[in-house]
Protein chains: 4
Amino acid sequence: MIIEVDPNSEVPIYQQLRDRVVEAIATGVLREGSPLPSTRALATDFGINFHTVNKGYDLLRQQRLLRINRKSGAVVLRDGNSGPPAPEFVEEWTGRATTLLAEATAHGLSREEVLDICRKVLETFGERQEDS
Amino acid sequence: MIIEVDPNSEVPIYQQLRDRVVEAIATGVLREGSPLPSTRALATDFGINFHTVNKGYDLLRQQRLLRINRKSGAVVLRDGNSGPPAPEFVEEWTGRATTLLAEATAHGLSREEVLDICRKVLETFGERQEDS
Amino acid sequence: MIIEVDPNSEVPIYQQLRDRVVEAIATGVLREGSPLPSTRALATDFGINFHTVNKGYDLLRQQRLLRINRKSGAVVLRDGNSGPPAPEFVEEWTGRATTLLAEATAHGLSREEVLDICRKVLETFGERQEDS
Amino acid sequence: MIIEVDPNSEVPIYQQLRDRVVEAIATGVLREGSPLPSTRALATDFGINFHTVNKGYDLLRQQRLLRINRKSGAVVLRDGNSGPPAPEFVEEWTGRATTLLAEATAHGLSREEVLDICRKVLETFGERQEDS
DNA sequence: GTGGTCTAGACCACC
DNA sequence: GTGGTCTAGACCACG
């Protein structure tokens, strides 16, 4: 895994970790069943406390993206090919997307420019199995 | 202005205020030159601390969306028709968008579903002046 | 609040705290909108660490029973009169109830004895508004 | 025996094992005197550690549901028809039931809804011998 | 060796 | 004042 976190960022480390894992799942670097490093191992790798890693992993577990075993550590529970999302997720996500899209619009990006950026970002994510 | 903040939400009030103003600019409710209520007036309206409003306005000022004059109060500095955004903004915004889009992808939304949601949200922002 | 936790119990302190709060909501001691002590205050009251209280409160927030404000502390988000439960909750709860009821049955309690105990326990919980 | 354990669940395997045995006794699949597989056989069947099975059996022994003989293996010590439960068990069980029922009540299930669920679950446990 | 719990103390963000 | 984050280290539960 090629994940990096910035301890000096204003966004909490555990959330950076969550974001990077989510992105790795979206890009296909991590798939359903992929194992993640142990909390202690990842902590020493990043030079951060293992509790911080723990909290990041816990966030991912709450979002049903990770399954945590005492025995075998953390395992990716789902990826883009694991079925449709929960309706509540879509609703909640749309709310956050609205704010983000409003910001781009207010700063002068046109509808098509915004969609182009989104399209390009989505293209960097791996192809879905059903597409190929 | 028909702006509402939820003091019980988990998202900080000053950020809710910022988000609502950004959305108002995106939807055309606020335009370049539109005056905003004074910090004190808004604070008493919402029953929140005057410093909180100040912080929200300051965020908008940092993002070059607001101009704050000691004399004439806060004025919207730009809207979607005020020209293209700063390149740094686009870059920073794309980063945040990537994380958000990754989240949708990881949870099982297809590329087209994500783009559809974005398209629909953008349509609610109303037509730009040069479009009409 | 008359809440007690046993630091020597095998069940984690933060979960005991969660259980006591849930029971207080069920019995009507706590209602929608009731404030809870600050994490630090409760921690010193119980002679435990504030992080432990924090974790207990966080559990309750995850279950949508608590709302946590930076300003005003923790507030009860819902009680028995705040509307019907989420379907997923009912399903998950039924699973746990099955195991518990099986235990009673295996130990020799008859169907009616079990239901009697449940009925009596439920009667100690406060009357619902719509019942009165 | 048709018992299944999920090694990926968040609930410990030894407790899953205990729960499934308790449920099997409640539903009548296992009765007083029924032999259980040897710990080693069960361990290889499930692909889990032999100590884990041991711990699950030990839990059942502590709850007076199992007798473990070095010679004849594990045998079900009692079922629903083996007489009334120990008073201490009833007391301890009522405590756990209170927490579970409180949870349902706090989430908005009415007294009758809760009792209905319990009644339906108990009906799936089959008739007792003295009832038939 | 894995994660989970609890303690302790520091510093920051919010209001 | 409130809660949130991060660090640090100890001990226990699980397999």
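These numbers were taken from a predicted model, which means no experiment stands behind them. Per chain, numbering begins at 1; letters A, B, ... match sequence-line order.
A salt bridge links C:R18 with D:E103; the closest basic N to acidic carboxylate O contact falls under 4.0 Å. Here C:K55 does not pair with C:D58 in a salt bridge; the nearest charged N to carboxylate O distance is not below 4.0 Å.
Residue B:V76 is tested with B:L36, B:V21, B:L65 for a side chain to side chain contact (heavy atoms under 4.5 Å, CB included); the sole match is B:L36.
The listed nucleotides are E:dT5, F:dG4, E:dC15; the one nearest the side chain of C:K55 is E:dT5. For C:N49, counting side-chain heavy atoms from C-beta on, the closest listed nucleotide (E:dT7, F:dA8, F:dG3) is E:dT7. Among the nucleotides F:dT5, E:dC15, F:dT7, the one closest to any side-chain atom of C:F50 is F:dT5.
As the counterpart of E:dG4, F:dC11 is assigned, both hydrogen-bonding distances of the Watson-Crick or G-U wobble pattern falling under 3.5 Å.
Toward the 5' end of DNA chain F, the nearer of the two residues C:A74 and A:Q15, judged by each one's closest nucleotide, is C:A74. Map A:I68 and C:V11 each onto its nearest nucleotide of DNA chain E; the residue landing nearer the 5' end is A:I68.
Rounded to an integer number of Å, the gap from A:L36 CG to E:dT2 P is 14 Å. Residue A:E10 contributes atom CD, which lies 9 Å from atom P of E:dA13 at whole-angstrom precision. Taking atom CG of residue A:L17 and atom C1' of nucleotide F:dT5, one finds them 14 Å apart after rounding to whole Å. Residue C:R18 contributes atom CZ, which lies 14 Å from atom P of E:dC6 at whole-angstrom precision. The nearest whole Å value for the distance from the CZ atom in B:F46 to the P atom in E:dC14 is 18 Å. One atom, CG of C:N54, and another, P of F:dT2, lie 13 Å apart when rounded to the nearest Å. Put simply, CD1 on A:I13 is 11 Å from P on F:dT5, counting in whole angstrom units. The interatomic distance linking A:D58 (CG) with F:dG4 (P) rounds to 14 Å, in whole Å.
When atom types are taken as modelled, the side chain of D:R20 and the backbone of D:V5 share no donor-acceptor pair closer than 3.5 angstrom.
For the pair C:S38 and F:dT2, the criterion of a side-chain N or O lying under 4.0 Å from OP1 or OP2 is met. Remark: A:N69 is not in phosphate contact with E:dT2, judged by side-chain N or O atoms under 4.0 Å from OP1 or OP2. For A:T52, a side-chain nitrogen or oxygen approaches OP1 or OP2 of F:dT7 to under 4.0 Å. Taking 4.0 angstrom as the limit, C:Y14 places a side-chain polar atom (N or O) nearer than this to OP1 or OP2 of E:dT5.
No N or O donor and acceptor, one from the side chain of A:R67 and one from the base of E:dG3, sit under 3.5 Å apart. Residue-to-nucleotide contacts include no donor-acceptor pair under 3.5 Å from the side chain of A:H51 to the base of E:dG4. One can find a donor-acceptor pair under 3.5 Å joining the base of E:dG3 and the side-chain atoms of A:R40.
Residue C:I48 is classed as a sugar-phosphate contact, given heavy-atom separations below 4.0 Å to backbone atoms only.
The distance from the OH atom of C:Y14 to the CG atom of C:N49 is 14.5 Å, given to the nearest 0.5 Å. Remark: B:L42 CG to B:R40 CZ distance equals 12.5 Å, nearest 0.5 Å.
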